[in-house]
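To find a chain, count down the sequence lines: A is the first, B the second, and so on, and within it residues start at 1.
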Amino acid sequence: MQVELVRDRIDTQAITDRLKVGEDGAVTVFDGIVRNNTRGRQTLYLDYTAHESMALREMGELADEAIARFGVRDVAMVHRLGRLEIGETSILIAVASAHRGVTFAACRWLIDTLKKQVPIWKQEFFVDGAVWAPGEPFPAELQVVSSHGTP
Amino acid sequence: MQVELVRDRIDTQAITDRLKVGEDGAVTVFDGIVRNNTRGRQTLYLDYTAHESMALREMGELADEAIARFGVRDVAMVHRLGRLEIGETSILIAVASAHRGVTFAACRWLIDTLKKQVPIWKQEFFVDGAVWAPGEPFPAELQVVSSHGTP
Amino acid sequence: MAACQNRYAYGMRLRVLFFGVLRDRFGQEEQLQQFPGHTVADLLRYYRAVAPELDQLWGTLAVAVNQQYAAASLQLQQDDEVALLPPVSGGAGCVRKHAG
Amino acid sequence: MAACQNRYAYGMRLRVLFFGVLRDRFGQEEQLQQFPGHTVADLLRYYRAVAPELDQLWGTLAVAVNQQYAAASLQLQQDDEVALLPPVSGGAGCVRKHAG
């Protein structure tokens, strides 16, 4: 199981090559890449920051849960931090197993869950300034403040 | 759109790099690899053959249909033929689009459909001989002979 | 008169390709010089009579004529390329465990 | 007697980390030397009173204590690391179009 936060270019080929073993028949890979536009505005670049120790722990727990829940053999999850240019990979998730169905399901679940609860934030830089991406709402059980506004 | 049959190693990184453009936010990749066992027997290697001209036409039509049906931006589909060793990639399918949901759905549909109707066959070599893999039954509309046995 | 009703009264020339397990029995291809039938179904019946021992396989085939899947009723033409296709097994290493 | 009921009667020392949009207002972190409250909810109320202008953001946060998501009722301890977390936006470039 490879779970990492990195600051350099993510090498998809090396990660998937390292993941595969003889009994695998399928690897499904999700490659999240920096788009040239955000909500209709032209993006110059992005900057990702994380609560690093916590993000690593959360990612490791998600990988464990994916293996247990979907019965896949192994998972690699690598997120890049710092400044990323258009077209670069921000997140790579690779899931290997003997059969393909579970690799698709686990990979999809991992990216969907990561985007809701792994503490990583994205700042978007435009020609006329920067904004923090709005983010996905936390699952209700993680959000501290009740909807009427008092903790 | 890249649709190919090749006899050399499939370079996943090169194919996905070539596929991506600025407006893409997600690439889902399915990497089908040669397992070290088949129905419980230890596999030495595989040999893939195709009705090549027809397989290329079928793959091109599936790629077109995936783009139309799922609204993804682009698709790459490369199948390798000839002798493949354990751990090597036999099929690579990569789907790029702005958003991830459709890339998962289209990629899954492409591999499932390819395995049922693209004319490629696999011969499995074991220590004590070779067999043609049983294959997936054709969809009823492609099968020529009715179930009671007379064409 | 017979020649007017059917240009190929003495049979038509077909190129027949074999794939997968059929290659073990028939080789890669053969040229039929004077095939006496008319349709895809006729051609399948012909080969079935040649190799009845392949048994259940005959009930699982698809046929492509000039690289397109064809129905049993399709009329064959002089110089058609006809491919006999067993269930396909391309893609990944993970075939479901069903009877061969 | 008060000291027996609460070891930190004069407040406890906390390390508070800020992320995402909260960094624009509070910086990366601060050390609270004598935080007078007891729970995660108390700490959130404290910062909310400092920066009421952040408004709706306060209703969307999660809090981690020592790298674990924490409930509002969790009792804080001396030297805890508390992180205030706005909705996360890691992963791919494809955020659904909802209001910021």
Side-chain angles (χ1 to χ4, degrees), chain A residues 30-40 43 46 48-59 79-81 84 86 88-91 93 111-124 130-139 141-151, chain D residues 15-25 27-29 37-49 52 54-74 76 81-100:
Chain A
F30 177 76
D31 182 348
I33 51 191
V34 178
R35 282 167 65 195
N36 62 7
N37 70 88
T38 308
R39 297 177 297 281
T43 311
L46 300 181
Y48 283 96
T49 53
H51 186 332
E52 297 192 25
S53 54
M54 181 181 173
L56 279 172
R57 250 217 32 256
E58 288 283 322
M59 287 163 70
H79 201 299
R80 186 168 161 192
L81 302 178
L84 275 81
I86 307 302
E88 292 189 321
T89 295
S90 52
I91 172 81
I93 300 177
I111 179 61
D112 288 352
T113 312
L114 177 140
K115 283 183 72 80
K116 289 196 205 91
Q117 68 187 66
V118 173
I120 300 176
W121 295 268
K122 175 170 66 177
Q123 208 170 6
E124 300 162 336
V131 300
W132 290 94
E136 303 244 355
F138 282 111
E141 70 277 14
L142 300 185
Q143 199 165 301
V144 165
V145 180
S146 62
S147 55
H148 59 280
T150 48
Chain D
R15 184 179 171 216
V16 185
L17 310 180
F18 304 98
F19 290 95
V21 66
L22 290 170
R23 288 203 166 174
D24 294 345
R25 177 66 182 75
Q28 288 205 26
E29 62 173 280
H38 303 277
T39 63
V40 163
D42 292 340
L43 190 77
L44 263 192
R45 263 191 293 269
Y46 169 80
Y47 281 108
R48 186 175 200 155
L54 294 182
D55 195 25
Q56 294 193 2
L57 181 71
W58 295 110
T60 66
L61 300 187
V63 171
V65 176
N66 304 325
Q67 294 94 54
Q68 303 249 28
Y69 283 107
S73 59
L74 185 83
L76 296 169
E81 178 207 279
V82 187
L84 271 50
L85 314 175
V88 302
S89 52
C94 42
V95 172
R96 276 174 296 155
K97 283 167 189 164
H98 51 66

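Residues satisfying the side-chain contact (heavy atoms from CB on, under 4.5 Å) test with A64(D), not counting sequence neighbours, are M54(A), A83(D), L85(D). Under the rule for a side-chain contact (heavy atoms from CB on, under 4.5 Å), the partners of L84(A) that lie at least two apart in sequence or sit in another chain are V34(A), Y48(A), R80(A), E88(A), S90(A).
If you measure heavy-atom distances from Q56(D) to chain A, you find no contacts under 4.5 Å at all. In this structure, no portion of A55(A) lies under 4.5 Å from any heavy atom of chain D. Q117(A) touches chain D through backbone and side chain together, each having a heavy atom under 4.5 Å away. In this structure, chain A has a heavy atom under 4.5 Å from the side chain of E81(D), while its backbone stays farther away. Contacts between I111(A) and chain D at a heavy-atom distance below 4.5 Å involve the side chain alone, from C-beta outward.
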What's the verdict on side chain to side chain contact (heavy atoms under 4.5 Å, CB included) for E58(A) and Y69(D), showing C-alpha distance, side-chain angles and the deciding distance? CA-CA 10 Å; E58(A) 288 283 322; Y69(D) 283 107; 3.5 Å; yes
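Around atom CD of E52(A), more than 12 heavy atoms belonging to other residues, nucleotides or ligands sit under 6.0 Å away.
Taking both residues in full, the closest heavy atoms of F138(A) and T60(D) are given as CD1-O, 3.3 Å, listed atom of the first, atom of the second, then distance. Scanning all heavy atoms of the two residues, the minimum distance from S53(A) to Q67(D) falls at OG-CG, 3.2 Å. In this structure, V144(A) and V40(D) approach most closely via the heavy-atom pair CG1-CG1, 4.0 Å. The two residues T49(A) and R23(D) have their closest heavy-atom pair at CG2-NH1, 4.3 Å.
Relative ring orientation between F19(D) and H51(A) is described as parallel, the plane-to-plane angle staying below 30° on a 0-90° scale split at 30° and 60°.
Put simply, the side chain of W121(A) gets close to the backbone of P86(D): a donor and an acceptor are under 3.5 Å apart.
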